[in-house]
Amino acid sequence: MTIKTLLRRSTPLVLAGLISTPATAGLIFNDVAEIRERAPAGDTFNAQLVQEYKKIALFEADEMYDWVDAENHATKGNMAAEGTTPLPYTPAEWDIESERELRELELARAELVTILDDGARSSAPHEAAVAQAKYDCWVEQQEEGHQPAHIAACRDAYLAALDDLKAAVAPEPVKTTAVVQDEIARETVYFEFDKSTITGQAQAKIDSFVAEMKQIQPVVTLYIAGHADTTGPNDYNYALSQDRAASVRTELERQGMTVGSYSDLEIEAQGETDLAVPTADGVREPRNRRVEIIAHGQVTKVIDQTAAVSQ
């Protein structure tokens with residue numbers, strides 16, 4: 001164990017006896033005294049580092065009586081104030097006994113330095129400075145090793161600051177617009193039992209649908225799906241659903257829906273498959289005796305290309 005570590009692990013009472021006041025400490029720990037008088041300002045990375053290291057240095061000195069570590073933090077703050085940008089602590093230079101904890105700190109430092117060197121000091125100076133100071137707090141507390149709550153607090157604060165930093169340097173979303181074919185409207189009409197003729201109520205719904213579609217340009221495709229309930233044999237229900245779909249198609253064509261706005265008109269029969277209301281076989285269910293009309297047309301969509309650009 002180094003002398004530095006022995007001093008760092010001294011009890012507050014021992015240090016208080018040796019260093020009774022900040023003024024007395026200033027005779028020994030010059031950087032703490034110097035940073036105490038600084039009034040950091042500005043939004044550069046170095047200016048932000050001065051603020052962060054001042055806070056942590058004075059906390060260690062005045063609250064924890066840890067003058068050794070207070071001096072370490074203050075030294076880095078003063079370096080930043082004088083134009084030299086300090087790097088995060090190097091864990092291997094600290095007396096960290098656990099290999100697992102040392103490795104965790106080394107990996108964390110490598111990630112942080114990579115982000116800083118990629119331009120975060122300029123693009124996100126505040127977040128970058130907070131992350132570096134919180135990391136150094138974690139290193140210091142890990143070396144002390146006897147206050148698990150303090151170690152966890154510094155580690156958690158660093159991880160939160162790292163998340164903030166990553167969010168701050170994330171690229172702005174790259175978005176474009178594109179015209180695509182997609183569903184623009186849907187209508188369902190219902191039929192009487194064992195019938196494929198269009199009822200008055202169904203006719204009203206078709207008329208309303210057609211009127212709406214004629215206001216939309218250009219509609220490319222109408223997709224028509226006929227259905228039946230589960231009463232009767234499957235092949236009979238398939239033919240019945242086909243007749244229902246054909247009835248709707250004939251009515252749409254009569255109203256001119258294949259001209260101009262529509263380039264295609266598709267038809268499909270699904271029999272008693274794809275029930276709107278699941279039932280057992282042989283059950284009369286009005287909501288299953290239906291034809292669905294789905295209109296597809298040109299839609300302008302916003303496309304996020306950030307992921308593709310980043311790759």
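This is a predicted model, so every value here is computed, not measured. All heavy atoms count here, side chains included; hydrogens, waters and symmetry mates do not.
Residues passing the side chain to side chain contact (heavy atoms under 4.5 Å, CB included) test with T114 are D118, sequence neighbours excluded. A search for salt bridge (Lys or Arg N to Asp or Glu O under 4.0 Å) contacts involving D117 returns R121, not counting sequence neighbours. With sequence neighbours excluded, the residues satisfying side chain to side chain contact (heavy atoms under 4.5 Å, CB included) with T300 are T177, V179. Listed by chain and residue number, N46 satisfy the side chain to side chain donor-acceptor pair (under 3.5 Å) test with T85 (two or more places apart in sequence, or in another chain).
Checked by atom type, the side-chain pair D243/S196 shows no donor-acceptor distance below 3.5 Å. Q141 and D69 are not linked by any side-chain donor-acceptor pair at a separation below 3.5 angstrom, with hydrogens and angles left out of the test. Side-chain atoms of Q48 and E52 include no donor-acceptor pair closer than 3.5 Å.
Counting only residues at least two apart or in different chains, disulfide (SG to SG under 2.5 Å) contacts with residues 175-206 are absent. Counting only residues at least two apart or in different chains, ring-ring contact (aromatic ring centres under 6.0 Å, His included) contacts with residues 150-170 comprise Y135-Y158, W138-Y158. Legend: salt bridge (charged side-chain N to carboxylate O under 4.0 Å, His left out) pairs involving residues 124-138, not counting sequence neighbours, sorted by first then second residue: K76-D136. A salt bridge (charged side-chain N to carboxylate O under 4.0 Å, His left out) check over residues 99-110, counting only residues at least two apart or in different chains, returns the pairs E104-R155. Listed by first then second residue, pairs satisfying salt bridge (charged side-chain N to carboxylate O under 4.0 Å, His left out) with a partner in residues 78-91 read R38-E82, not counting sequence neighbours. The list of ring-ring contact (aromatic ring centres under 6.0 Å, His included) pairs with a residue in residues 160-204, not counting sequence neighbours, is empty. Within the structure, the salt bridge (charged side-chain N to carboxylate O under 4.0 Å, His left out) test picks out the following pairs touching residues 185-199 (sequence neighbours left out): E183-R186, R186-E292, E187-K205.
Here Y236 is tied into one hydrophobic group with L240, each link being a pair of ILVMFWY side chains closer than 4.5 Å.
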Checklist entry - Does the pair D207 and Q203 meet the rule for a side-chain hydrogen bond (donor to acceptor under 3.5 Å, both in side chains), with working shown? => result CA-CA 6 Å; D207 292 345; Q203 183 67 55; 2.9 Å; yes
Next on the checklist: Determine whether E111 and K166 satisfy the following criterion, salt bridge (charged side-chain N to carboxylate O under 4.0 Å, His left out), listing intermediate values before the conclusion.
Outcome noted: CA-CA 11 Å; E111 180 181 22; K166 289 179 178 179; 2.7 Å; yes
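When the side chains of ILVMFWY residues are joined at heavy-atom separations under 4.5 Å, either directly or via intervening members, M79 and F45 end up in two distinct hydrophobic clusters.
Residues D229 and T279 are not in side-chain contact: their nearest non-hydrogen atoms beyond the backbone lie 4.5 Å or more apart. Counting only heavy atoms from C-beta outward, the side chains of L105 and Q142 approach each other to under 4.5 Å. Residues R284 and R289 have side chains in contact (heavy-atom distance under 4.5 Å, counting atoms from C-beta outward).
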